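Hydrogens, waters and symmetry mates play no part in the numbers below; they use all other heavy atoms, side chains included. As the structure is a prediction and not an experimental result, all values here were calculated from the model.
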Amino acid sequence: MDQQTTSPNDTLSAPAKQSRFALNVLALCFVLSVLGRGLSDSFTVFLKPISENFGWDRASVVSVYSLTWLASGLTAPLVGRLFDRSGPRVVYALGLALLGCAFLIASRAQQLWQFQLSVGLCVGFGTALIGNVSNSILLGRWFGPRLPTAMAVMYSATGAGLLVLLPLSQVLIDRIGWREAYQVFGVSALGLLVPLVFLPWRTLAGGSPHIVKKVETGLIDEGWTLLAAMRHHAFWALFSTFFFTAIAMYALTAQIVAYLIDVGFPPLQAATAWGFSGVALFVGMLGVSTLDGIIGRRPSVLFSYGVSIAGIILLWLLQWYPNYWLLTGFVICFGSMIGSRGPLITATALKIFRGERVGTIYGTIMIGSGLGSALGSWGGGLIHDWTHSYNPLIAFALVNVVLGLIPFLVVPALRR
């Protein structure tokens with residue numbers, strides 16, 4: 001009698017296969033997010049050696065980091081449109097190609113404008129292509145009602161990127177130099193193009209059949225258009241929250257490693273300590289999301305701002321008391337809250353402006369984050385150069401944190 005052999009895949013039911021595929025999609029989005037955020041934020045480690053190599057002032061060098069987040073924010077609506085038109089294979093491949101070429105160009109750069117073009121504009125656009133907009137659309141096709149959980153995992157990739165790539169950047173700089181480190185990043189990003197292109201994109205892009213069908217038949221469209229949304233007070237409240245919060249966060253993050261070195265910590269310890277903010281971010285994101293379900297969205301968001309303020313105060317104290325207790329407290333408080341508000345504010349925007357055009361509306365609101373990131377990092381560099389002190393910079397960040405939380409205190413749509 002002939003015996004048929006069956007593989008483990010043949011014994012899986014259709015729902016089980018779809019669940020496994022969904023997890024694979026989540027893993028893919030997580031890895032891409034780690035690369036995008038880690039590579040873009042690695043500039044905080046490169047800032048000091050590049051500045052010392054060329055003798056440029058802090059504001060000039062930080063302008064590169066500003067352009068990264070300006071390009072990332074302003075291109076978010078374009079990325080969503082390109083994803084709809086061309087699909088994830090083209091979007092992700094273009095993103096990795098831009099990142100790879102950008103870092104290879106930066107490894108040969110001699111002028112500031114070359115860094116601004118490569119590590120600034122090209123890395124910013126490349127990060128947007130493999131970042132939250134594209135990944136959110138793809139995950140939405142696979143997770144349906146479980147999307148908030150999937151989004152929390154994806155957002156935690158920000159922390160993983162910091163944890164892995166910031167210490168790695170410092171190790172590479174110490175051992176082979178910053179130019180060679182950029183070459184390693186460029187070659188690695190281009191090398192990932194080959195396996196990426198040959199993934200089963202038709203299946204990946206198609207999504208889970210029952211989820212896609214449910215979305216198509218059950219979409220609630222409240223008739224929002226971009227112009228109608230822009231006439232609503234909630235649009236500008238959310239825009240300003242993203243804007244001022246990003247100013248505060250990026251005014252500090254662009255210079256945190258340099259600050260820690262200047263107050264007395266060795267470079268590798270400074271980079272590693274800030275890299276561990278990735279772990280704190282993951283814990284903070286889960287904690288704030290859990291708190292949202294217990295005490296509500298507005299109290300949870302306000303709590304997160306309070307913890308951020310405490311972290312900024314600890315950072316200020318470090319210049320007089322550079323010890324590991326204060327450093328740990330700063331990393332936990334400030335690092336845990338950097339992105340913890342993102343999922344909650346995003347969920348608020350999607351709830352208020354739900355409908356067929358919610359992606360366009362949300363992408364436009366996110367421009368506030370891009371503008372704030374660019375203004376915060378560049379403005380922070382200027383403040384440091386003008387005053388030759390970190391105290392005005394820390395005060396600048398503190399004021400903008402307060403401005404970021406005000407809409408949740410006074411705007412009716414965000415108070416409910």
Side-chain angles (χ1 to χ4, degrees), residues 37 39-74 102 106 109-124 127 162 166 169-170 173 178 182 242-265 267 270-271 273-274 277 308 311-312 315-316 318-319 330 334-335 338 368-401 403-404:
R37 189 56 187 263
L39 289 175
S40 56
D41 268 332
S42 68
F43 188 76
T44 60
V45 180
F46 285 83
L47 185 150
K48 200 170 181 67
I50 290 176
S51 179
E52 293 173 350
N53 187 98
F54 291 99
W56 295 332
D57 58 52
R58 185 68 58 84
S60 297
V61 182
V62 171
S63 69
V64 177
Y65 191 68
S66 302
L67 286 172
T68 300
W69 295 110
L70 181 64
S72 180
L74 294 181
Q110 298 292 337
Q111 303 294 327
L112 180 62
W113 70 266
Q114 294 169 334
F115 286 101
Q116 291 171 333
L117 176 63
S118 57
V119 182
L121 297 177
C122 290
V123 168
T127 300
L162 296 175
L166 265 61
S169 298
Q170 189 64 58
I173 291 170
W178 67 265
Y182 270 155
F242 275 120
F243 178 71
F244 288 115
T245 304
I247 288 178
M249 298 297 106
Y250 283 86
L252 294 178
T253 56
Q255 302 187 60
I256 280 177
V257 175
Y259 172 83
L260 294 177
I261 294 172
D262 288 343
V263 300
F265 293 96
W274 182 233
S277 67
S308 292
I312 294 173
L315 180 69
W316 173 68
L318 270 171
Q319 59 190 305
F330 160 71
F334 189 81
I338 286 180
S369 179
L371 291 174
S373 303
L375 179 60
S377 53
W378 178 69
L382 282 178
I383 291 171
H384 179 270
D385 287 340
W386 288 341
T387 64
H388 301 288
S389 171
Y390 287 100
N391 289 332
L393 170 62
I394 292 172
F396 174 68
L398 194 58
V399 169
N400 279 280
V401 168
L403 292 174

Say you draw a straight line from [atom1] of [X] to [atom2] of [Y]; how long is it, rounded to the nearest 0.5 Å?
X    : Y    : atom1 : atom2 : value
L375 : I247 : CG    : CD1   : 4.5 Å
S377 : L70  : OG    : CG    : 9.0 Å
D41  : W69  : CG    : CH2   : 5.0 Å
H384 : I394 : NE2   : CD1   : 10.5 Å
L166 : W274 : CG    : CH2   : 9.0 Å
F330 : L252 : CZ    : CG    : 7.0 Å

Do [X] and [Y] come within less than 4.5 Å of each other through their side chains, counting heavy atoms only?
X    : Y    : value
V64  : F46  : no
Y182 : I50  : yes
L393 : Q255 : yes
V61  : F43  : yes
L112 : F54  : no

Quiz item: Given the side-chain rings of W178 and F115, with only the six-membered ring counted for Trp, is the space between their centroids under 6.0 Å?
Solution: yes
Any sub-3.5 Å donor-acceptor pair from [X]'s side-chain atoms to [Y]'s backbone N or O?
X    : Y    : answer
S42  : L39  : yes
Q114 : Q111 : yes
D385 : R58  : yes
S369 : F243 : no
S72  : T68  : no
S51  : L47  : no

query = Given Y259 and L315, is the side chain to side chain contact (heavy atoms under 4.5 Å, CB included) satisfied, shown in steps?
reply = CA-CA 9 Å; Y259 172 83; L315 180 69; 3.3 Å; yes
Step-by-step side chain to side chain contact (heavy atoms under 4.5 Å, CB included) determination, T44 to I256:
CA-CA 7 Å; T44 60; I256 280 177; over 6 Å; no
Side chain to side chain contact (heavy atoms under 4.5 Å, CB included) between F242 and L371, intermediate numbers included = CA-CA 9 Å; F242 275 120; L371 291 174; over 6 Å; no
Which pair of non-hydrogen atoms, one from [X] and one from [Y], has the smallest distance, and what is that distance?
X    : Y    : value
L121 : A71  : O-CB, 3.7 Å
A271 : V45  : CB-CG2, 4.3 Å
C122 : A102 : CB-CB, 3.8 Å
A270 : L260 : CB-CB, 3.7 Å

Any side-chain donor-acceptor pair under 3.5 Å between Q116 and S63? yes
| Does the side chain to side chain contact (heavy atoms under 4.5 Å, CB included) test come out yes or no for T253 and Y65, once each step is laid out? | CA-CA 10 Å; T253 56; Y65 191 68; 3.8 Å; yes
>> Is it the case that atom CH2 in W56 sees more than 12 heavy atoms from other parts of the structure closer than 6.0 Å?
In response: yes
Tell me, with the steps shown, if Q319 and N391 meet side-chain hydrogen bond (donor to acceptor under 3.5 Å, both in side chains).
CA-CA 9 Å; Q319 59 190 305; N391 289 332; 2.5 Å; yes
